[in-house]
Amino acid sequence: MTYELKLFSGNANRPLAEEIAQYLRVPLGDAEVARFSDGEVFVQVNENVRGADVFIIQPTCPPVNDTLMELLIMIDALKRASAHRITAVLPYYGYARQDRKVQPRVPITAKLVADLLDAAGVDRVLALDLHAGQIQGFFNIPVDHLFAAPVIIDYLGKKDLRDPVIVSPDAGGVERARAIAKRLRAGLAIIDKRRDGPNVAVVMHLIGDVDGKDAVVIDDMIDTAGTLVQAATALEREGARRVLACGVHPVLSGPAVDRIKASPLEEVVVTNSIPVSEEKRRARVTVLSVAPLLGEAIRRIHDEESLSTLFV
């Protein structure tokens, strides 16, 4: 039996949802996602979804609590409207940074959000570049975990990079940096970093050779850009010819834009997993679209096809 494909979007990143809908040649579903006067989220689905294969495109990006609640309430509305299957498409998974206990008396918010989605009634999750791969195991439902690396590699491959070196800004990102370095046939370097607190990073020293080379810092998200800018400064100090940066999720909160403008970074490449304003784009920020990648994944999930080739 064939189930109709339907796409819905909250207010988190509607331009991305519209791009995905255009790629799939499927109209966005008619749903009202608004607020009551006291700030509570109001959702009403204005079309029949009974027996449909529904995908909700909603990154839980800032304002995180609002976008997360929109997602949970949309899932509940669609479940109660008898949708056959509900897939949450999460280009950005908020609350992912607390994925384990590293201090006493702290939460594991990545697991909490997974439990909330499960309780709301979602059937599967399609995520892009989770902060930590083990988050997939926090769910008791299927999780398809995509990577934006092919999009970034394609862009970097067209740049005139001389003797490139891919740089991981911390030990946790080495696997990601190594995979991209292998595809680009580039060198690898690592920044040794410690944290003094949330959003506070201190660069210790560089492991690897960047002298006279083009250095590209690779990270999964750029939040306040403190880590990124310190890494760029360290690379310039070690003699890098050019310093670029790539991050999948452009959170760009607080002083991020001012820090990037004042840094030695030549360009910051990100994706549209999170909306990027024109003001932020003017801070040497280049935005790549992941709509074709997510759109193709949605099509294959709907058609019960393999996603393996999307990782190549």
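- Contact check for Ile57 versus Ile20: side-chain heavy atoms found under the 4.5 Å cut-off.
- In this model, a donor atom of one side chain and an acceptor atom of the other lie less than 3.5 Å apart for Arg300 and Thr309.
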Practice item. Check step by step if side-chain contact (heavy atoms from CB on, under 4.5 Å) holds for Glu296 and Tyr23. Key: CA-CA 8 Å; Glu296 184 61 22; Tyr23 176 87; 2.7 Å; yes

Review point. Would Arg282 and Glu279 count as a salt bridge (charged side-chain N to carboxylate O under 4.0 Å, His left out) if you check the C-alpha gap in whole Å, the side-chain angles of each, and the deciding distance to 0.1 Å?
Key: CA-CA 5 Å; Arg282 285 194 289 269; Glu279 179 190 358; 5.8 Å; no

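- Think of Val251 as one node in a network of Ile, Leu, Val, Met, Phe, Trp and Tyr side chains linked at under 4.5 Å; its network also takes in Tyr92, Met221, Ile274.
- Residues Leu117 and Ile75 come closest through the heavy atom pair CD2-CD1, 3.8 Å.
- The CD1 atom of Ile301 sits 11.0 Å away from the OG atom of Ser306 when rounded to the nearest 0.5 Å.
- Membership of the apolar cluster around Phe36 extends to Phe42, as traced through chained side-chain contacts below 4.5 Å between ILVMFWY residues.
- Counting heavy atoms from C-beta outward, Leu228 and Pro169 have side chains that stay 4.5 Å or more apart.
- Gln44 places no side-chain N or O within 3.5 Å of a backbone atom of Ala31 that could act as its donor or acceptor partner.
- Shortest non-hydrogen contact noted between Ala215 and Ala240 is CB-CB, 4.2 Å.
- Side chains of Thr60 and Leu71 form a contact here, defined as non-hydrogen atoms less than 4.5 Å apart.
- Salt bridge annotation for Glu175-Arg178: absent, with no cationic side-chain nitrogen under 4.0 angstrom from a carboxylate oxygen.
- Note: the hydrophobic cluster containing Leu130 also contains Val64 (ILVMFWY, side chain heavy atoms under 4.5 Å, direct or indirect links).
- In this structure, the side chains of Ile218 and Val167 stay at 4.5 Å or more apart for every pair of heavy atoms.
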**Study point:** Intermediate values then yes/no, side-chain contact (heavy atoms from CB on, under 4.5 Å), Ile298 and Val89
**Key:** CA-CA 9 Å; Ile298 289 170; Val89 181; 4.1 Å; yes

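- Shown here is Gln22, whose CD atom has no more than 12 heavy atoms of other residues, nucleotides or ligands within 6.0 Å.
- Its side chain outside the 4.5 Å cluster rule for every partner, Val257 clusters with none of the Ile, Leu, Val, Met, Phe, Trp and Tyr residues.
- With sequence neighbours left out, the side chain to side chain donor-acceptor pair (under 3.5 Å) criterion links Asp154 to Lys158.
- Taking the side-chain contact (heavy atoms from CB on, under 4.5 Å) definition, one finds that Asp53 meets it with Tyr3, Phe55, Arg85, His302, sequence neighbours left out.
- Here the side chain of Ser82 pairs no donor or acceptor atom with the backbone of Arg50 at under 3.5 angstrom.
- Checking side-chain atoms of Arg183 against main-chain N and O of Ile153 turns up no donor-acceptor pair under 3.5 Å.
- A continuous path of Ile, Leu, Val, Met, Phe, Trp and Tyr side chains, each step under 4.5 Å between heavy atoms, connects Val125 with Ile73, placing both in one hydrophobic cluster.
- The distance from atom CD of Gln98 to atom CD of Gln103, rounded to the nearest 0.5 Å, is 9.0 Å.
- Closest approach of Leu252 and Lys280 over heavy atoms only: O-NZ, 3.2 Å.
- Looking only at side-chain heavy atoms (C-beta outward), Leu116 and Leu72 come within less than 4.5 Å of each other.
- Looking at Arg299 and Asp303, their side chains come closer than 4.5 Å, going by heavy atoms from C-beta outward.
- Side-chain atoms of His249 do not come within 3.5 Å of backbone N or O of Tyr93 as any donor-acceptor pair.
- Under a 3.5 Å cut-off, the side chain of Thr67 and the backbone N or O of Cys61 do form a donor-acceptor pair.
- Sorted by first then second residue, the salt bridge (charged side-chain N to carboxylate O under 4.0 Å, His left out) pairs that include residues 116-132, not counting sequence neighbours, are Arg124-Asp144.
- Scored by the side-chain contact (heavy atoms from CB on, under 4.5 Å) test, Arg241 finds Arg162, Asp214 as partners (sequence neighbours excluded).
- Of all heavy-atom pairs between Ala177 and Ile166, the closest is O-CG2, 3.6 Å.
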Check your understanding: Does the salt bridge (charged side-chain N to carboxylate O under 4.0 Å, His left out) test come out yes or no for Glu267 and Arg284, once each step is laid out?
Key -> CA-CA 5 Å; Glu267 182 182 18; Arg284 302 193 294 276; over 6 Å; no

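- For the residue pair Asn11 / Glu70, a side-chain donor-acceptor distance below 3.5 Å is found, with atom types taken as modelled.
- Pairs engaging residues 3-25 under the salt bridge (charged side-chain N to carboxylate O under 4.0 Å, His left out) rule: Glu4-Lys6, Lys6-Glu47, Arg14-Glu18 [sequence neighbours left out].
- Cluster membership check: Val229 does not share its hydrophobic cluster with Ile222, using side-chain heavy-atom separations under 4.5 Å among Ile, Leu, Val, Met, Phe, Trp and Tyr.
- Every residue was checked against the salt bridge (Lys or Arg N to Asp or Glu O under 4.0 Å) condition with Glu40, not counting sequence neighbours, and none meets it.
- No side-chain donor-acceptor contact under 3.5 Å links Thr224 to the backbone of Ser253.
- Annotation: Asp38, atom CG; neighbour count of heavy atoms from other residues, nucleotides and ligands within 6.0 Å is above 12.
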Practice item. Under the side-chain contact (heavy atoms from CB on, under 4.5 Å) rule, what do Thr109 and Arg97 come out as? Steps first, then yes or no, please. Key: CA-CA 8 Å; Thr109 54; Arg97 279 173 284 194; over 6 Å; no

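- For the pair Val45 and Ala77, the tightest heavy-atom approach, listed with the atom from each and the gap, is CG2-CB, 4.3 Å.
- In this structure, Arg242 contributes its side chain and Glu266 its backbone to no donor-acceptor pair below 3.5 Å.
- Grouping the Ile, Leu, Val, Met, Phe, Trp and Tyr side chains by contacts below 4.5 angstrom, directly or via other members, places Val49 apart from Leu126.
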Determine all donor-acceptor pairs shorter than 3.5 Å in which one atom belongs to a side chain in residues 135-143; sequence neighbours excluded.
from, atom 1, to, atom 2, distance (Å)
Gln136, NE2, Gly133, O, 3.0
Gln136, NE2, His145, ND1, 3.4

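- Between Ile86 and Gly121, the closest heavy-atom pair is CD1-O, 4.4 Å.
- With sequence neighbours excluded, the residues forming a side-chain contact (heavy atoms from CB on, under 4.5 Å) with Thr271 are Ala148, Val248, Ser273, Val290, listed by chain and number.
- For the pair Leu7/Leu24, a side-chain contact is recorded, criterion being any heavy-atom separation below 4.5 Å from C-beta on.
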Exercise for review: Give the intermediate values and the outcome of side-chain contact (heavy atoms from CB on, under 4.5 Å) for residues Leu146 and Leu307.
Suggested key: CA-CA 9 Å; Leu146 293 180; Leu307 269 64; 4.2 Å; yes

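- For Asn13, the side-chain contact (heavy atoms from CB on, under 4.5 Å) test picks out Pro15, Leu16, Pro59, Pro275, with sequence neighbours left out.
- Note on Leu5: it clusters hydrophobically with Leu28, by side-chain heavy-atom contacts below 4.5 Å among ILVMFWY residues.
- Residues Leu265 and Leu244 form no side-chain contact, since every pair of their non-hydrogen atoms from C-beta on lies 4.5 Å or further apart.
- A side-chain donor-acceptor contact under 3.5 Å links Asp170 to the backbone of Gly172.
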Practice item. Start with the C-alpha distance between Asp99 and Lys111, add both sets of side-chain angles, then the distance that settles salt bridge (charged side-chain N to carboxylate O under 4.0 Å, His left out), and finish with yes or no. Key: CA-CA 7 Å; Asp99 55 14; Lys111 169 61 173 167; over 6 Å; no

